[in-house]
Amino acid sequence: MNVYVCVKQVPDPNAPGKMDPATNRLVREGVELVMDPWDEYGVEAGLQLVEQHGGVLTVISMGPERAKEAMRKALAMGAERGVLVSDPALAGSDALATARALAEAIKRESPDIVICGTESSDGSTGLMPGMLAELLGWPQLTFAKKLAVGDGKATIHRQTEVGFQIVEAPLPVVVTVTGGINEPRYPSLKGIMTAKRKEIVELSVGALGLSADQVGAAGAKEQVLDLAKPEERQSGTIASDEGDGGVKIADFLQQRRFI
Amino acid sequence: MPGSEISREIYWNVTAFSVVLMYLLAGATIAVFTYGFYRRYRLWRLGKPANRLDHVMQRVAAFIAYGPGHGRTARDLYPGLMHLLIFSGFVTLFIGTLMIMVQADFDVQFLHGQFYLFYSLFLDVFGFLAIVGVLMALFQRYVVKPEYLYAMYYDGIVLGLLLANLVTGFGVEGLRMAATELRQGVAWAAWSPVGYVVAQPLVALDPGALQALHTGFWWLHLLLALAFIAYMPYSKMLHSFTSPLNTFLRSFEPKGQLSTPDLETAETFGAGRIRDFTWKDLFDGDACTECGRCTAVCPARSTGKLLDPKLIVLDLRNYITRHERGLLAGRDVAAGDPALPALVGEAIPEQMLWDCTTCRACMQACPVLIEHVPKIVNMRRYLVLEESRFPREVQGVFNNLENRFNPWQLPHQQRAAWAEGLDIPTMAETKGQVEYLLWVGCFGAFDDRNKRVTRALAKILKEAGVSFAILGSEEKCTGDPARRIGNEYLYQMLAQENVETLNGYGVRKIVTQCPHCFNTIRNEYPDFGGRYEVIHHTQLLAELIAQGRIKPTKPVDEHITFHDPCYLGRYNDEYDAPRYILKSIPGLRLSEMAASREKSFCCGAGGGRMFMEEKQGARVNQTRVGMAQATGADVIAAACPFCTVMLEDGITGKGLSEQMRLRDCVELLAESLGEAQAGGSGAG
Ligand code: SF4
Ligand code: SF4
């Protein structure tokens with residue numbers, strides 16, 4: 001089975017992010033860059049599929065040359081090879097342009113399944129996987145907190161607000177996974193050492209048969225108009241126990257349809 | 001000749017044939033003995049090289065002090081005395097027997113006259129004391145039965161053989177004396193007091209019976225002695241040779257320094273198979289006397305965890321014994337050989353390895369200088385680097401250390417936030433033109449409780465006019481927790497980056513707030529080209545007090561007890577500086593815990609345990625707080641941020657928040673300097 005996992009290099013989500021007032025976008029220079037922690041769940045899900053069914057796990061990414069550092073993390077975890085779409089023309093790409101570039105790269109391979117995180121921790125649009133599925137003409141399964149593949153189809157437990165739905169789709173398919181799906185492994189030193197020697201194929205926009213105006217800032221349809229601080233998170237409810245603590249908790253859960 | 005000169009007839013009642021047979025048997029015994037030794041030697045050689053033959057003179061000194069000198073063995077009264085009695089008894093008897101051999105069979109006459117009298121007195125007295133020693137050992141193992149000294153079947157065999165040897169020896173002597181010296185009424189018979197007493201009831205027997213009995217006992221004694229010698233290399237009596245040798249082979253590296261493998265060229269990481277250990281690690285197993293002193297002092301063990309340091313050593317030994325043939329044939333666990341069970345995981349349960357706080361109490365207690373901690377960390381390295389198996393909660397710590405250079409998810413850009421408003425220069429600002437670099441450490445920089453200590457320390461240093469600066473956000477975790485959890489790769493990355501920064505500023509003197517940073521920079525950074533004069537803040541403060549540059553004058557009316565941090569005390573031999581500070585504070589009353597100084601009991605945080613869950617048994621930190629409470633003190637004085645967090649938590653956990661408090665030495669000093677307000681409750 002050929003499994004592809006999309007990963008992204010992002011500024012460390014735990015560092016205080018800085019916004020560029022000119023572009024209204026996140027500053028990506030001079031900050032600590034890491035593989036998006038959300039992508040670790042995708043890589044782990046992919047590794048588990050390959051371990052169960054055999055096959056090859058490929059990580060795929062779009063970004064400048066330095067994005068390879070983030071891909072090495074996935075390779076150290078156990079992915080076999082990498083594909084990086086990298087081109088100066090890609091700078092400023094929005095979700096659609098990214099999906100277009102990745103879709104073209106994926107079409108050149110023969111995947112059975114493409115796994116993405118639900119959203120990136122920097123842009124957080126959550127748009128790219130859906131667009132990718134559309135461009136590939138494949139079904140998509142989203143918010144998977146459990147994933148199984150067999151008999152030519154993928155079945156997931158789809159996380160919802162109150163529980164989960166069981167959804168399936170024929171392969172090939174795009175799946176987005178949530179943070180609850182697994183516990184990503186920590187790369188062994190053997191993994192880290194061999195990752196240094198693993199192959200990362202680089203593809204330019206031209207090699208994908210795309211023109212420069214379809215991608216990058218030129219092809220972007222999204223614009224960031226304004227920035228605002230998020231609303232302060234509301235403090236939780238404090239219920240004091242006057243002998244009726246249990247009832248209060250049960251009421252609280254019931255109101256939110258947990259029980 | 002008999003009777004005219006003081007002496008005794010050697011081989012009385014022993015035929016020439018018996019003597020010949022005796023030598024033949026002795027020859028066979030030596031062959032069995034040598035073969036036993038050779039088999040162990042073959043196994044030791046499976047290990048990797050390690051140089052333990054440098055510093056020869058110091059090695060000889062160690063050998064004398066810890067071997068015959070009983071340097072550490074005698075530290076505990078009962079077992080020390082017991083061992084000394086058996087040891088000296090057998091050495092004396094062995095030498096005595098050799099003397100007889102020399103006289104009788106090489107015809108060198110010297111056992112006569114006054115010398116003979118003292119000779120026989122000596123042998124009798126020491127033989128008797130050895131019996132006392134063996135009885136003490138039996139009593140300890142089968143009557144007292146302390147938890148750390150579970151008797152194994154071979155303990156019975158060994159002690160039984162020892163006792164039988166001694167008893168039959170005196171039997172032979174008594175029978176001979178009854179038949180000869182007592183009958184002849186020689187005056188010097190009482191110079192063999194034990195034989196003399198044994199002989200008294202036997203004199204009544206008729207000479208024929210005495211002779212027959214003597215022959216029987218003589219043979220029995222001989223066979224028992226030879227059996228014992230032959231059995232030595234196959235039993236724990238091997239330690240008679242390996243233990244003293246082990247003190248000769250001791251390490252001369254700093255105590256706080258773990259080995260630094262070259263990860264680029266290594267084929268395997270850490271120790272997961274026998275051949276990953278050094279030969280010295282394997283030798284350690286054979287040097288273990290199974291006394292259990294390491295187990296008795298282990299904080300993990302004594303709070304009911306799975307870990308037992310003695311078992312780590314013995315499991316290793318038993319593994320090479322049990323799988324001798326497979327191992328010698330070059331078979332390998334890593335290749336999934338079913339005949340060889342996994343060393344780490346099966347023979348030694350993983351949980352045992354994770355229980356260790358690397359407190360070094362075991363190594364400090366071991367009378368024969370066995371090195372437990374390096375083995376434990378080496379097996380952790382194997383688990384982390386090769387197998388990626390470790391307690392789940394540690395993964396986040398690794399990720400944080402890698403990306404944020406502290407164990408938490410805190411942005412490293414805020415590492416100097418604690419210093420706000422204190423006007424402390426950074427190295428970048430001063431271009432390194434200061435006397436000291438103040439190394440703050442992750443806890444001192446990020447942990448709210450410990451930030452108060454850092455602020456207090458910085459203020460005192462400023463007031464005393466010490467010239468110092470900090471690295472600010474250029475400082476990264478020293479890597480101590482990563483290294484001791486077994487993530488050597490991560491540690492080496494951090495160490496390299498820190499050394500680069502430090503050398504870039506030409507730093508020469510470092511004062512650290514944390515004993516873990518202190519130990520790592522001082523003892524482990526030299527491996528990365530980082531050579532500095534490193535001191536702990538208590539050492540600098542003690543010096544400032546001694547020089548009169550700070551004067552604690554305001555009385556602090558508290559009853560305190562001081563908790564020695566493992567990485568300051570046992571690892572770096574600093575017990576006095578913190579006490580000097582405390583004693584210079586007027587009004588403080590200091591009570592020591594029984595487990596203090598070298599015997600200090602870990603707070604539970606070392607070796608990365610700080611970041612692991614404690615699921616089994618009693619809590620180490622609460623156990624320690626209990627010891628502090630027993631002194632009647634109201635305040636535990638600490639000198640380590642890890643201890644501060646653990647013990648404060650332990651006070652709360654035991655529900656003692658009303659009665660007890662924890663304060664760092666610096667905080668107490670600050671109060672006495674009249675800076676209580678400013679230092680004690682800064683904007684943490
Ligand atoms: S270092 Fe401390 S915790 Fe670890 S085995 Fe030795 S005594 Fe026990
Ligand atoms: S390792 Fe040392 S202290 Fe522990 S049982 Fe063996 S000899 Fe005794």
Side-chain angles (χ1 to χ4, degrees), chain A residues 7-19 26-44 47-48 51 66-67 69-79 117 121-122 179-197, chain B residues 261-272 276 334 378 380-415 417 446 473-474 476 482-483 485-493 497 608 611:
Chain A
V7 302
K8 184 178 185 185
Q9 187 181 43
V10 298
D12 180 357
N14 288 293
K18 269 198 260 39
M19 305 304 287
L26 203 58
V27 177
R28 290 166 194 277
E29 304 300 328
V31 293
E32 209 59 46
L33 295 168
V34 298
M35 180 172 98
D36 194 331
W38 292 113
D39 292 338
E40 289 179 25
Y41 299 97
V43 174
E44 178 64 39
L47 286 170
Q48 289 182 7
E51 276 160 9
R66 60 161 194 247
E69 285 160 35
M71 297 176 77
R72 296 270 171 224
K73 166 107 193 214
L75 295 174
M77 286 173 75
S121 53
D122 55 350
I181 190 167
N182 53 38
E183 300 222 9
R185 69 194 62 188
Y186 188 78
S188 72
L189 185 51
K190 272 227 167 78
I192 294 170
M193 292 298 182
T194 45
K196 291 182 184 167
R197 295 193 297 271
Chain B
D262 182 347
L263 298 176
E264 294 295 330
T265 57
E267 278 165 28
T268 56
F269 306 112
D276 298 332
N378 231 346
R380 284 182 173 189
R381 281 181 186 169
Y382 162 77
L383 283 172
V384 173
L385 300 180
E386 283 209 16
E387 300 289 316
S388 199
R389 288 208 306 263
F390 44 79
R392 238 200 249 157
E393 55 280 13
V394 167
Q395 185 155 342
V397 177
F398 288 166
N399 284 328
N400 295 332
L401 285 173
E402 191 179 324
N403 298 320
R404 294 169 264 287
F405 321 120
N406 67 72
W408 308 284
Q409 295 205 332
L410 299 164
H412 81 279
Q413 291 86 344
Q414 285 169 19
R415 207 172 172 101
F446 288 111
S473 57
E474 282 186 275
K476 297 177 174 177
R483 172 167 248 201
I485 294 173
N487 197 336
E488 182 66 13
Y489 178 69
L490 183 52
Y491 162 73
Q492 292 197 6
M493 257 174 18
E497 289 163 5
F611 307 105

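All chains are named by letter (A, B, ...) in the order of the sequence lines, taking the proteins before the strands, and each is independently numbered beginning at 1. Keep in mind that this is a model prediction, so the values were computed, not measured.
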Which donor-acceptor pairs sit under 3.5 Å apart between chain A and chain B?
| unit_1 | atom_1 | unit_2 | atom_2 | d |
| --- | --- | --- | --- | --- |
| A/D12 | OD1 | B/R404 | NH1 | 2.4 |
| A/D12 | OD2 | B/R404 | NH1 | 2.4 |
| A/K73 | NZ | B/N399 | OD1 | 3.4 |
| A/E183 | OE2 | B/R392 | NE | 3.3 |
| A/E183 | OE2 | B/R392 | NH1 | 3.4 |
| A/P184 | O | B/Q395 | NE2 | 2.8 |
| A/Y186 | O | B/S388 | OG | 2.2 |
| A/Y186 | OH | B/N487 | ND2 | 2.9 |
| A/L189 | N | B/L385 | O | 2.6 |

Discussion item. So which residue, A/I192, A/V34, A/L189, ends up with the most heavy-atom pairs under 4.5 Å with chain B?
Written reply: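 Most heavy-atom pairs under 4.5 Å with chain B: A/L189.
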Practice prompt. Please identify each residue that fulfils side-chain contact (heavy atoms from CB on, under 4.5 Å) with A/V31, with sequence neighbours left out.
Written response: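 A/V31: side-chain contact (heavy atoms from CB on, under 4.5 Å) contacts with A/P11, A/L33.
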Item to complete: Pick one of side chain, backbone, both or neither for B/L490, based on which atoms fall under 4.5 Å of a heavy atom in chain A.
Response: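 For B/L490, the side chain is the part near chain A, not the backbone.
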Practice prompt. Would you mind checking which part of A/P37 comes under 4.5 Å of any heavy atom in chain B, side chain (CB onward), backbone (N, CA, C, O), both or neither?
Written response: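 Interface part for A/P37: neither.
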Worksheet item: Picking from B/V394, B/L263, B/L410, B/V384, which has the most non-hydrogen pairs under 4.5 angstrom with chain A?
Response: B/L263
